[in-house]
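Report on the structure given below.
What you are looking at is a predicted structure, and each value in this text was computed from that prediction instead of being measured. Throughout, a chain's letter reflects where its sequence line sits, starting with A, and its residues are numbered from 1.
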Amino acid sequence: MAEPLPRLRFAPSPTGFFHVGSARTALFNWLVARKTGGTFVLRIEDTDAERNSDQWVDGILSAMRWIGIDWDEGPYFQSERGDLYTAAIDRLFATGMAYRCTCTSDEVRLRNAANFGAAEAERGYDGYCRNLELGEGAVRFRTPDTGSTTVVDLIRGTPTFDNTKIEDFIIRRSNGGVMFLLANVVDDIDMRITHVVRGEEHLPNTPKALLLWQAIAPDLALPVFAHVPVLVNEKRQKLSKRRDKVALEDFRDLGILPEAMRNYLCLLGWSATDDREMLSVQTMIDEFRLEDVNSSPAFFDLAKLTSMNAEYIRLLSVDDFIERVRPFLPAAWADSVVLRHLAPLLQERVRLLPDVATMIDFFFDAPVMEPDAWIKTMTGSAAPAAHHMIEGFIAGAAVTPWLADDLKLLVERVGAGIQLKLGKAQAPLRVAVTGRTVGPPLFESLELLGVEETIHRLRVAQARLD
RNA sequence: GGCCCCAUCGUCUAGUGGCCUAGGACAUCACCCUCUCAAGGUGGAGGCACGGGUUCGAAUCCCGUUGGGGCUGCCA
């Protein structure tokens, strides 16, 4: 009989912004599903009513769409599947695998400290209520007292855990709410999940999940796991929503292209067989293998992401480029002939989408003169050249066709009069017209700006000269 | 403290016992090209954490040390 097609799931909890680590986990799951022809399930793990909100659910969905990850089933909501969990817990009671417990965590800590010494306070639940047959309280799962549990992990081999170290963990709160581990396993069983691809931080939970799985569905084959390494910050700590900038939408707002983000994320812990880094989605799907994922943590490097983003921006068609920058520009700028004509030159110079704004702003408003730019090109020893270039250019402009190539020749000729090469000769003109020493190619810019406005700006600068 | 995971340039990685004088990319430095800035080109600096084994031979296998990380919740 043929091996059944893989079924994978991405199971985020809607407790905050969708972050890059989640995005990578989702991507890896998705890639495996698409590669194998399997099924990718989206499941929202919202069992903790106090921390969840619809806002975050929307955030997850839109972030996944943004980065181009679609799902075949779901989203399922655990908050709507309570009956399933109750039934599972009832069966565990029936087989003696579950029991009630009324201990508080402080009580457990105190007992542990008293019985094993202060250093042992955190050793976990001590089994106090195991045989009390209480009628109320939280529900715990009875873990084996002997043997060991082995996780089959495509990335990490077969980590094995001593069952005596696995405490009787809680599967339902005293308020009736079901816990992550229980809901997670019941759903994985119900949805016939075959591959669990998730963050490394879940590895210590996995033996518990396996034990639960065997108690609830002893006849169903255990899933294969792949615990992907965590993403870390510059201090090599796990990326956290609290202290690190990690929300996917922050990068979108920064001007990162979704295809760049997806490509970069894919390369965090995995690489193609040769030196290729710019990978199409199809290439990722064709070549990605969980077995090849690295087992060590990866630093999320914005510089590298940005560089890759620049490369993707250069690949865009002019029309696409204009549409992508549109959200970052005033509508009039986005629709302007200036942007359309300069687009290819801009694409080569921009690393982040919003960079376009500071490169073309001088077309739409009077230039905002940067003090350093003015000092460097217009004052002191630079002043005579500035005078000469501006005067000469204004004079020559009257008899020069207003085209980039002709303007370039004009500046060359005027500059030659005082032994200035084009690089030096254009500097004061650029600053006078744009307010900056850097920007898009000058002569194309002047052609678009027009003779009238150019001359006007030159005269304004001229009047300001010492 | 306990359990578990991890360890190649600053960063992401290639490398699965000889092809390694350890390759690529980002970042960085220099030069070339050049109307500024980019882009592009050329070149440089920069790494197998340490100590023991195994082997004719180790970045690659084993053990230990050190270092880092994760988990240790009636969160997920």
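At distances below 3.5 Å, not a single donor-acceptor pair connects side-chain atoms of A/R140 with backbone N or O atoms of A/Y99. Side-chain atoms of A/W374 do not come within 3.5 Å of backbone N or O of A/T379 as any donor-acceptor pair. Side-chain atoms of A/N163 come within 3.5 Å of backbone N or O of A/T146 as a donor-acceptor pair.
Checked against the 6.0 Å centroid threshold, A/F288 and A/F28 count as a close aromatic pair. Aromatic pair A/F300/A/F251: centroids less than 6.0 angstrom apart.
By the 4.5 Å heavy-atom criterion applied to side chains, A/L92 and A/V139 are not counted as neighbours.
Look at the C1' atom in both B/rU60 and B/rC48: the space between them is 10 Å, to the nearest Å. Comparing the C1' positions of B/rU54 and B/rG73 gives an interatomic distance of 46 Å, to the nearest angstrom. Between B/rA59 and B/rU13, the two C1' atoms lie 14 Å apart (nearest whole Å). Spacing between B/rC5 and B/rC62 at atom P, rounded to whole Å, works out to 13 Å. Here, B/rA22 and B/rG46 have their C1' atoms 13 Å apart, quoted to the whole Å. B/rG18 and B/rC3: their C1' atoms are spaced 39 Å apart (whole Å). B/rG10 and B/rC6: their P atoms are spaced 23 Å apart (whole Å).
Note on A/E444: a base of the nucleic acid sits closer than 4.0 angstrom, heavy atoms only. Across all strands, A/E120 comes closer than 4.0 Å only to sugar-phosphate atoms, never to a base (heavy-atom distances). Residue-level contact check: A/C103 touches the bases, meaning some heavy atom is under 4.0 Å from a base atom. Counting any heavy atom pair closer than 4.0 Å across all strands shown, A/H227 reaches no nucleic acid atom.
Proximity of A/T47 to the phosphate of B/rA76: a side-chain N or O atom is located under 4.0 Å from OP1 or OP2. Contact annotation: A/R276 does not reach the phosphate of B/rG23 (side-chain N/O to OP1 or OP2, under 4.0 Å). One finds no side-chain N or O of A/K235 lying less than 4.0 angstrom from the OP1 or OP2 phosphate oxygen of B/rG68.
A/N263 and A/Y312 form a side-chain donor-acceptor contact under 3.5 Å, judged by distance and modelled atom types alone.
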Under 3.5 Å, N/O pairs linking protein and nucleotides 36-40 of chain B:
{"unit_1": "B/rU36", "atom_1": "O4'", "unit_2": "A/Q426", "atom_2": "NE2", "d": "3.1"}
{"unit_1": "B/rU36", "atom_1": "O2'", "unit_2": "A/T437", "atom_2": "O", "d": "2.7"}
{"unit_1": "B/rU36", "atom_1": "N1", "unit_2": "A/R430", "atom_2": "NH2", "d": "3.3"}
{"unit_1": "B/rU36", "atom_1": "O2", "unit_2": "A/R430", "atom_2": "NH1", "d": "3.4"}
{"unit_1": "B/rU36", "atom_1": "O2", "unit_2": "A/G439", "atom_2": "N", "d": "2.8"}
{"unit_1": "B/rU36", "atom_1": "O2", "unit_2": "A/G439", "atom_2": "O", "d": "3.1"}
{"unit_1": "B/rU36", "atom_1": "N3", "unit_2": "A/R430", "atom_2": "NH2", "d": "3.2"}
{"unit_1": "B/rU36", "atom_1": "N3", "unit_2": "A/G439", "atom_2": "O", "d": "2.7"}
{"unit_1": "B/rU36", "atom_1": "O4", "unit_2": "A/R349", "atom_2": "NH1", "d": "3.2"}
{"unit_1": "B/rU36", "atom_1": "O4", "unit_2": "A/P441", "atom_2": "N", "d": "3.1"}
{"unit_1": "B/rC37", "atom_1": "O2", "unit_2": "A/R349", "atom_2": "NH1", "d": "3.0"}
{"unit_1": "B/rC37", "atom_1": "N3", "unit_2": "A/R349", "atom_2": "NH1", "d": "2.2"}
{"unit_1": "B/rC37", "atom_1": "N4", "unit_2": "A/R349", "atom_2": "NH1", "d": "3.4"}
{"unit_1": "B/rA38", "atom_1": "O2'", "unit_2": "A/E348", "atom_2": "O", "d": "2.5"}
{"unit_1": "B/rA38", "atom_1": "N1", "unit_2": "A/E348", "atom_2": "OE2", "d": "3.1"}
{"unit_1": "B/rA38", "atom_1": "N3", "unit_2": "A/E348", "atom_2": "OE2", "d": "3.1"}

Just the table, please: protein N/O against nucleotides 31-34 of chain B N/O, every pair under 3.5 Å.
none

What pairs of nitrogen or oxygen atoms, one from the protein and one from nucleotides 6-15 of chain B, lie under 3.5 Å apart?
{"unit_1": "B/rC12", "atom_1": "OP1", "unit_2": "A/R236", "atom_2": "NH1", "d": "3.2"}
{"unit_1": "B/rC12", "atom_1": "OP1", "unit_2": "A/R236", "atom_2": "NH2", "d": "3.1"}
{"unit_1": "B/rC12", "atom_1": "OP1", "unit_2": "A/F299", "atom_2": "N", "d": "2.9"}
{"unit_1": "B/rC12", "atom_1": "O2'", "unit_2": "A/L267", "atom_2": "O", "d": "3.2"}
{"unit_1": "B/rU13", "atom_1": "OP1", "unit_2": "A/G269", "atom_2": "N", "d": "2.6"}
{"unit_1": "B/rU13", "atom_1": "O3'", "unit_2": "A/S271", "atom_2": "OG", "d": "3.4"}
{"unit_1": "B/rA14", "atom_1": "OP1", "unit_2": "A/S271", "atom_2": "OG", "d": "3.4"}
{"unit_1": "B/rA14", "atom_1": "OP2", "unit_2": "A/N294", "atom_2": "ND2", "d": "3.4"}

Can I get a per-line list of side-chain donor-acceptor pairs under 3.5 Å for residues 229-237 of chain A, giving both atom names and the distance, sequence neighbours left out?
{"unit_1": "A/N233", "atom_1": "OD1", "unit_2": "A/K235", "atom_2": "N", "d": "2.8"}
{"unit_1": "A/N233", "atom_1": "OD1", "unit_2": "A/R236", "atom_2": "N", "d": "3.0"}
{"unit_1": "A/N233", "atom_1": "OD1", "unit_2": "A/Q237", "atom_2": "N", "d": "3.0"}
{"unit_1": "A/N233", "atom_1": "ND2", "unit_2": "A/D244", "atom_2": "OD1", "d": "3.2"}
{"unit_1": "A/N233", "atom_1": "ND2", "unit_2": "A/D244", "atom_2": "OD2", "d": "3.4"}
{"unit_1": "A/R236", "atom_1": "NH2", "unit_2": "A/P297", "atom_2": "O", "d": "3.3"}

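For A/E291, the CD atom is densely surrounded, since the number of other residues' heavy atoms within 6.0 Å is greater than 12.
Heavy atoms only, all atoms of each residue included: A/M261 and A/I67 are closest at CG-CD1, 3.8 Å.
Not counting sequence neighbours, the partners of A/E453 by the salt bridge (charged side-chain N to carboxylate O under 4.0 Å, His left out) test are A/R457.
Counting to the nearest Å, the P atom of B/rA27 and the CD atom of A/E234 are 18 Å from each other.
Listed by first and then second residue, the salt bridge (charged side-chain N to carboxylate O under 4.0 Å, His left out) pairs that reach into residues 412-440 of chain A are A/D361-A/R436, A/E370-A/R436, sequence neighbours excluded.
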